There are 2 protein chains.
Amino acid sequence: MGTKADQCRKQILETADNLFYQQGFDHTSFSDIADAVGIARGNFYYYFKTKDDILSAVISKRGDDILQMLQEWDESIPDPRDRLKRYVHILIKSKDEIEQYGCPMGSLCTELAKLRHSEQDNANDLFEIFRNWLVEQFKLLNHKKDAKQLALHLLARGQGVALITNAYQDKTFLRNEAKDLEDWVDKL
Amino acid sequence: MGTKADQCRKQILETADNLFYQQGFDHTSFSDIADAVGIARGNFYYYFKTKDDILSAVISKRGDDILQMLQEWDESIPDPRDRLKRYVHILIKSKDEIEQYGCPMGSLCTELAKLRHSEQDNANDLFEIFRNWLVEQFKLLNHKKDAKQLALHLLARGQGVALITNAYQDKTFLRNEAKDLEDWVDKL
DNA sequence: GTCTATATACGGATAGAC
DNA sequence: GTCTATCCGTATATAGAC
């Protein structure tokens, strides 16, 4: 799959992914993507028939990226507690992007909910990927019964921090909360 | 100020406020608002010159509404701890709207950040109103030094719960987290 | 103050030459 | 596969009759 067309398609996806994150889905036009990639608007439809097709592909790509990341964590981090800490550490690692654009998953789900978009459920499945993985880690830490609840709690905490950090454009709060969450994981 | 024009202006604001909440600012057109109010598109510009003017007015209105609500709480609830619980109780009281549309403040700030809209700072000031009030309550509970941090924490928790509830379209999590937050307030 | 008609721009989508 | 040209719908915004 290393043909020129596949490369171009991949580049469109990558660019659309970034622009949807930075500008929002609805606010990003074909022109924006085409200009950023460096192709003509018309040529666009050779790769994607509709705008919703691009969104669908971007969401799939994000899902693949997340799954791959979690698999790498599973392989390289043996202790489930350390895995949870690695998850919390996303906040620190992505602090600059979060400050500017918030969480890619959270902001997309929020937007698609308002648009009542047909891809809303698929976007929410990105949350599900994380949640299912978190549930596994909590179960390994002998939290069989409240694993689901704990996973949602951790998801929500991260979303809250990302949203406030984005709104206030200030990273100090993010650092404090990341530390709080690490302590929370330690005390489990 | 009970003239017919003032009434109409007020009705436009109310309608725009709701539609911006339910559909998002960018996705809501003049036609949407005009149709909902029952006036012609053209007549719209008699009241507001640009779409940004409406947004600005809606944000101001929301600020006034919040201030009035907090003042009522101050007058009717003597204990700062009870006031904090009343704040947490917003989640329960607004659970249906949150499930469908998320938090009005949070989702607006998220959208305006992506649009890089000039009203972004004014929207964030709505958060500030709540935060300043929360800071006061924490100080009254002898949390002088970490009042600001605690206020941001509570804000973020609420935002996280609202976002996840909206994404999952499920209120069970909201109920659990609201209870957790009440306990958290109790333990301060 | 309220309406209709319209100017203007932009976005998604298509047709067809090369 | 890539381009230019273009259709069509919709959005903001304006002009002007009533």
Side-chain angles (χ1 to χ4, degrees), chain A residues 1-59 108 111-112 114-120 122-123, chain B residues 1-59 108 111-112 114-120:
Chain A
M1 306 283 188
T3 68
K4 198 180 172 187
D6 287 331
Q7 283 291 322
C8 187
R9 197 191 135 92
K10 206 176 164 185
Q11 203 186 342
I12 290 174
L13 266 186
E14 197 96 25
T15 306
D17 191 356
N18 284 329
L19 287 177
F20 289 171
Y21 176 35
Q22 294 166 4
Q23 309 182 345
F25 165 71
D26 203 51
H27 195 61
T28 300
S29 68
F30 280 170
S31 304
D32 290 336
I33 306 173
D35 288 352
V37 175
I39 59 171
R41 269 188 303 286
N43 190 19
F44 216 95
Y45 294 83
Y46 175 76
Y47 296 98
F48 297 96
K49 281 168 191 65
T50 67
K51 197 181 178 186
D52 290 353
D53 282 348
I54 310 178
L55 176 61
S56 177
V58 164
I59 292 173
L108 183 64
E111 183 182 0
L112 296 185
K114 294 224 190 277
L115 300 184
R116 305 219 163 273
H117 197 285
S118 56
E119 289 292 324
Q120 188 184 351
N122 292 331
Chain B
M1 305 286 187
T3 68
K4 197 179 173 187
D6 287 331
Q7 284 292 324
C8 187
R9 197 190 135 93
K10 206 175 165 186
Q11 204 186 342
I12 290 174
L13 266 186
E14 197 97 24
T15 305
D17 191 354
N18 284 330
L19 287 176
F20 289 172
Y21 175 37
Q22 294 167 4
Q23 310 182 343
F25 165 70
D26 204 50
H27 195 61
T28 300
S29 68
F30 281 170
S31 304
D32 290 336
I33 306 172
D35 288 352
V37 175
I39 58 170
R41 271 188 301 286
N43 191 18
F44 216 95
Y45 293 84
Y46 174 77
Y47 296 97
F48 297 96
K49 281 167 191 67
T50 67
K51 197 181 177 184
D52 290 353
D53 281 348
I54 309 178
L55 177 60
S56 176
V58 164
I59 293 173
L108 182 63
E111 181 181 1
L112 296 185
K114 295 226 189 278
L115 300 184
R116 305 219 163 277
H117 197 285
S118 57
E119 288 292 325
Q120 190 184 351

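Just so we're on the same page: letters track the sequence lines, and every chain starts at 1. Values below: all heavy atoms of this structure, side chains included; hydrogens, waters and symmetry mates excluded. In this text, all values refer to a predicted model and were calculated from it rather than measured experimentally.
Rounded to whole angstrom, the span from the CG atom of Asp32(A) across to the C1' atom of dG12(C) amounts to 13 Å. Distance Arg9(B) CZ to dT2(C) P: 14 Å, rounded to the nearest Å. Between Asp26(B) atom CG and dT10(D) atom C1' there is a gap of 13 Å when expressed in whole angstrom units. Straight-line distance from the CZ atom of Phe48(B) to the P atom of dG1(C): 14 Å, rounded to whole Å. Ile39(B) places its CD1 atom 13 Å from the P atom of dG1(C), with the value rounded to the nearest Å. A straight line from CZ of Phe44(B) to C1' of dT4(C) spans 17 Å, rounded to a whole angstrom.
Thr15(B) places a side-chain N or O within donor-acceptor distance of the main-chain N or O of Gln11(B), the cut-off being under 3.5 Å.
For the helix from dG1(C)-dC18(D) to dC18(C)-dG1(D), the angle separating the two terminal helix axes comes to 10°, with each axis derived from five pairs and the value rounded to 10°.
Inter-residue side-chain proximity for Ile12(B) and Ile39(B) is flagged as met; some heavy-atom pair is nearer than 4.5 Å.
Distance check, rounded to the nearest 0.5 Å: NZ of Lys49(A) to CZ of Phe44(A) gives 13.0 Å. To the nearest 0.5 angstrom, Thr50(B) atom OG1 is 3.5 Å from Asp53(B) atom CG.
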Please assess Leu55(A) against Leu112(A) for the test side-chain contact (heavy atoms from CB on, under 4.5 Å), listing each intermediate value before the final yes or no.
CA-CA 11 Å; Leu55(A) 176 61; Leu112(A) 296 185; 4.0 Å; yes
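The side-chain hydrogen bond (donor to acceptor under 3.5 Å, both in side chains) search around Asp35(B) returns none, not counting sequence neighbours. Looking at residues two or more places apart in sequence or on another chain, you find no ring-ring contact (aromatic ring centres under 6.0 Å, His included) involving Tyr46(A). For Gln120(A), the side-chain hydrogen bond (donor to acceptor under 3.5 Å, both in side chains) test picks out no residue, with sequence neighbours left out.
Across all strands, Tyr47(A) comes closer than 4.0 Å only to sugar-phosphate atoms, never to a base (heavy-atom distances).
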Where protein sits on nucleotides 13-18 of chain D, one letter per nucleotide: B base, S sugar-phosphate only, - none, heavy atoms under 4.0 Å
BB----
Expected list for residues 24-34 of chain A: side-chain donor-acceptor pairs under 3.5 angstrom, two or more places apart:
{"residue": "Thr28(A)", "atom": "OG1", "partner": "Leu19(A)", "partner atom": "O", "Å": "3.3"}
{"residue": "Thr28(A)", "atom": "OG1", "partner": "Gln23(A)", "partner atom": "OE1", "Å": "3.3"}
{"residue": "Thr28(A)", "atom": "OG1", "partner": "Gly24(A)", "partner atom": "O", "Å": "2.6"}
{"residue": "Ser29(A)", "atom": "OG", "partner": "Ser31(A)", "partner atom": "N", "Å": "3.4"}
{"residue": "Ser29(A)", "atom": "OG", "partner": "Asp32(A)", "partner atom": "N", "Å": "3.2"}
{"residue": "Ser29(A)", "atom": "OG", "partner": "Asp32(A)", "partner atom": "OD2", "Å": "3.3"}
{"residue": "Asp32(A)", "atom": "OD2", "partner": "Ser29(A)", "partner atom": "N", "Å": "3.1"}

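Side-chain proximity of Tyr46(A) to dC3(D), dT2(D), dG1(C): nearest is dT2(D).
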